[in-house]
Amino acid sequence: MSKVFKKTSGNGNIALYLGRRDFVDHLDSVDVVDGVIKVDPSDLNGRKVFVYLACAFRYGSDELDVIGLSFRRDIWVQRVQVYPPTGESINKTPMQESLLKKAGEQGYPFSFQMPTNLPCSVSLQPGPNDAGKACGVDFEVKGYIANEADNADEVIEKKDTCRLMIRKIQFAPANNKAGPKADITKQFMMSDKPVHLEASLEKEIYYHGETITVKVKINNETTKVVKKIKVSVEQLTNVVLYSSDTYVKAVCSEEFGETVNASSTLEKSFQITPLLANNKEKRGLSVDGRLKDEDTHLASTTLSQGEKEMQGIIVSYKVKVNLMVAGGGLLGSLTGSDVTVELPLTLMSPKPAGDKLE
């Protein structure tokens with residue numbers, strides 16, 4: 001084991017041990033969160049030791065709480081008692097066997113199995129002047145000393161707790177499929193013939209930082225001129241808590257000066273690259289969750305099997321191709337219009353080479 005993540009409580013009575021902090025969602029199952037907690041029973045005074053794993057939506061800094069919402073809403077919580085042992089037999093994982101060697105005789109293993117309908121770790125990017133923690137979905141493993149596992153009236157002091165943040169992540173599926181294709185035929189006022197627009201992507205899944213090639217075919221049968229072609233990528237963030245709200249933000253937009261004259265055609269590929277580096281000032285943009293201040297990227301597309309409703313933050317993307325069509329004659333500006341087509345885009349990280357998280 002290359003690294004151990006350890007956090008000790010303020011009073012030194014308990015210490016959490018984890019062998020990793022990234023846990024992979026494979027769609028049909030999620031990696032087991034397996035760890036060890038070291039317990040010094042000499043100062044417990046009859047109290048017990050529990051560990052919980054919580055997935056929560058965090059609302060950010062205190063000043064945002066203008067409507068009486070708590071700053072953290074638990075989406076899913078599971079608790080286990082580790083001391084005194086309950087007598088349940090635990091099949092220890094190889095990871096726990098290694099951690100128990102580090103923790104010694106006072107180590108006790110614990111495991112959590114997350115359901116498949118939890119969101120992934122995602123943060124909403126704060127604005128340049130925002131203080132405090134970013135809003136978003138996070139996962140926390142917490143050890144604590146208490147009389148009961150979950151009693152709202154019991155006050156648990158901070159010195160009796162220790163916690164480690166973990167991440168739930170998804171990687172792009174290994175099998176990339178053919179990309180989507182969409183088309184539209186649009187008639188204009190005072191024009192008996194249409195503009196036909198078709199757009200397609202080479203493949204279904206693109207990796208963060210990869211250039212996206214958008215193939216565009218235009219058949220302009222009208223007497224108007226296609227003045228400009230705009231290709232953009234939009235991020236759709238669906239926040240599902242008390243209600244479902246979707247926020248749409250352009251993460252990449254480029255205009256191309258190609259014109260398509262009346263009764264003409266154009267077939268061309270355009271390239272765009274959505275990058276977080278070009279969107280650092282955008283407040284509320286979804287980015288992949290991070291444990292410290294390390295670099296991150298635009299949030300990955302949320303994959304789901306679709307049979308269970310998911311809470312938290314669900315991220316998706318689309319590519320938009322927009323033609324700006326100028327009208328002719330006296331009514332030019334009135335008879336001009338836009339022609340737009342949209343394509344779904346899956347943006348993710350590849351599975352690391354030699355990944356043993358299966």
Linking I/L/V/M/F/W/Y whenever any side-chain heavy atoms sit under 4.5 Å apart, do [X] and [Y] land together?
{"X": "Val321", "Y": "Leu236", "answer": "no"}
{"X": "Ile156", "Y": "Leu164", "answer": "no"}
{"X": "Val137", "Y": "Leu124", "answer": "yes"}
{"X": "Leu347", "Y": "Ile205", "answer": "no"}
{"X": "Val4", "Y": "Met95", "answer": "yes"}

How many angstroms lie between [atom1] in [X] and [atom2] in [Y], if you round to the nearest 0.5 Å?
{"X": "Ile166", "Y": "Asp22", "atom1": "CD1", "atom2": "CG", "answer": "9.0 Å"}
{"X": "Asn176", "Y": "Met348", "atom1": "CG", "atom2": "CE", "answer": "11.5 Å"}
{"X": "Thr246", "Y": "Asn238", "atom1": "OG1", "atom2": "CG", "answer": "3.5 Å"}
{"X": "Lys48", "Y": "Thr86", "atom1": "NZ", "atom2": "OG1", "answer": "10.5 Å"}
{"X": "His208", "Y": "His297", "atom1": "NE2", "atom2": "NE2", "answer": "4.5 Å"}
{"X": "Phe171", "Y": "Tyr207", "atom1": "CZ", "atom2": "OH", "answer": "11.0 Å"}

Using a strict 4.0 Å threshold on nitrogen-to-oxygen distance, state whether [X] and [Y] make a salt bridge.
{"X": "Glu210", "Y": "Lys203", "answer": "yes"}
{"X": "Lys215", "Y": "Glu202", "answer": "no"}
{"X": "Lys217", "Y": "Asp183", "answer": "no"}

Are a donor atom and an acceptor atom from the side chains of [X] and [Y] found within less than 3.5 Å of each other?
{"X": "Asn322", "Y": "Thr340", "answer": "yes"}
{"X": "Arg79", "Y": "Tyr144", "answer": "yes"}
{"X": "Thr213", "Y": "Ser269", "answer": "no"}
{"X": "His26", "Y": "Asp31", "answer": "yes"}
{"X": "Thr301", "Y": "Thr346", "answer": "no"}
{"X": "Ser9", "Y": "Asn11", "answer": "yes"}
{"X": "Ser111", "Y": "Asp34", "answer": "no"}
{"X": "Asp288", "Y": "Ser300", "answer": "yes"}

Over all atoms of both residues, closest heavy-atom pair of [X] and [Y]:
{"X": "Asp25", "Y": "Lys168", "answer": "OD2-NZ, 2.9 Å"}
{"X": "Gly35", "Y": "Leu18", "answer": "CA-CD2, 3.8 Å"}
{"X": "Val80", "Y": "Phe110", "answer": "CG2-CB, 4.1 Å"}
{"X": "Leu197", "Y": "Ile218", "answer": "CD1-CG1, 4.0 Å"}
{"X": "Ala199", "Y": "Leu343", "answer": "O-CD2, 3.6 Å"}
{"X": "Gln271", "Y": "Glu254", "answer": "O-OE2, 4.3 Å"}

Just by distance, do the side chain of [X] and the backbone of [Y] share a donor-acceptor pair under 3.5 Å?
{"X": "Lys282", "Y": "Ala250", "answer": "yes"}
{"X": "Gln96", "Y": "Tyr108", "answer": "no"}
{"X": "Glu154", "Y": "Asn151", "answer": "no"}
{"X": "Ser264", "Y": "Ala262", "answer": "yes"}
{"X": "Ser98", "Y": "Pro94", "answer": "yes"}
{"X": "Glu198", "Y": "Ala182", "answer": "no"}
{"X": "Gln113", "Y": "Val30", "answer": "yes"}
{"X": "Thr302", "Y": "Val315", "answer": "yes"}
{"X": "Thr222", "Y": "Lys224", "answer": "yes"}
{"X": "Lys249", "Y": "Arg283", "answer": "yes"}

Hey, does [Y] have a side-chain heavy atom less than 4.5 Å from the side chain of [X]?
{"X": "Leu53", "Y": "Met114", "answer": "yes"}
{"X": "Thr273", "Y": "Ile212", "answer": "no"}
{"X": "Leu303", "Y": "Pro173", "answer": "yes"}
{"X": "Val39", "Y": "Asn13", "answer": "no"}
{"X": "Ile169", "Y": "Cys120", "answer": "no"}
{"X": "Tyr317", "Y": "Pro344", "answer": "no"}
{"X": "Lys142", "Y": "Lys7", "answer": "no"}
{"X": "Thr265", "Y": "Glu267", "answer": "no"}

Quiz item: Is Arg21 positioned over the aromatic face of Phe5, cation under 6.0 angstrom from the ring centre and no more than 45 degrees off axis?
Solution: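 Yes, a cation-pi geometry.
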
Might you confirm whether atom [atom1] of [X] has over 12 heavy atoms from other residues, nucleotides or ligands at distances under 6.0 Å?
{"X": "Lys181", "atom1": "NZ", "value": "no"}
{"X": "Lys186", "atom1": "NZ", "value": "yes"}
{"X": "Glu255", "atom1": "CD", "value": "yes"}
{"X": "Lys318", "atom1": "NZ", "value": "yes"}

Exercise. Assert yes or no for the condition that the ring centre distance of Phe50 to Tyr52 is strictly below 6.0 Å.
Key: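 Here the rings of Tyr52 and Phe50 have centres that are no less than 6.0 Å from each other.
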
Quiz item: Which class fits the ring pair Phe270 and Phe256: parallel under 30°, tilted 30 to 60°, perpendicular over 60°?
Solution: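 The rings of Phe270 and Phe256 sit tilted, inter-plane angle from 30° to 60°.
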
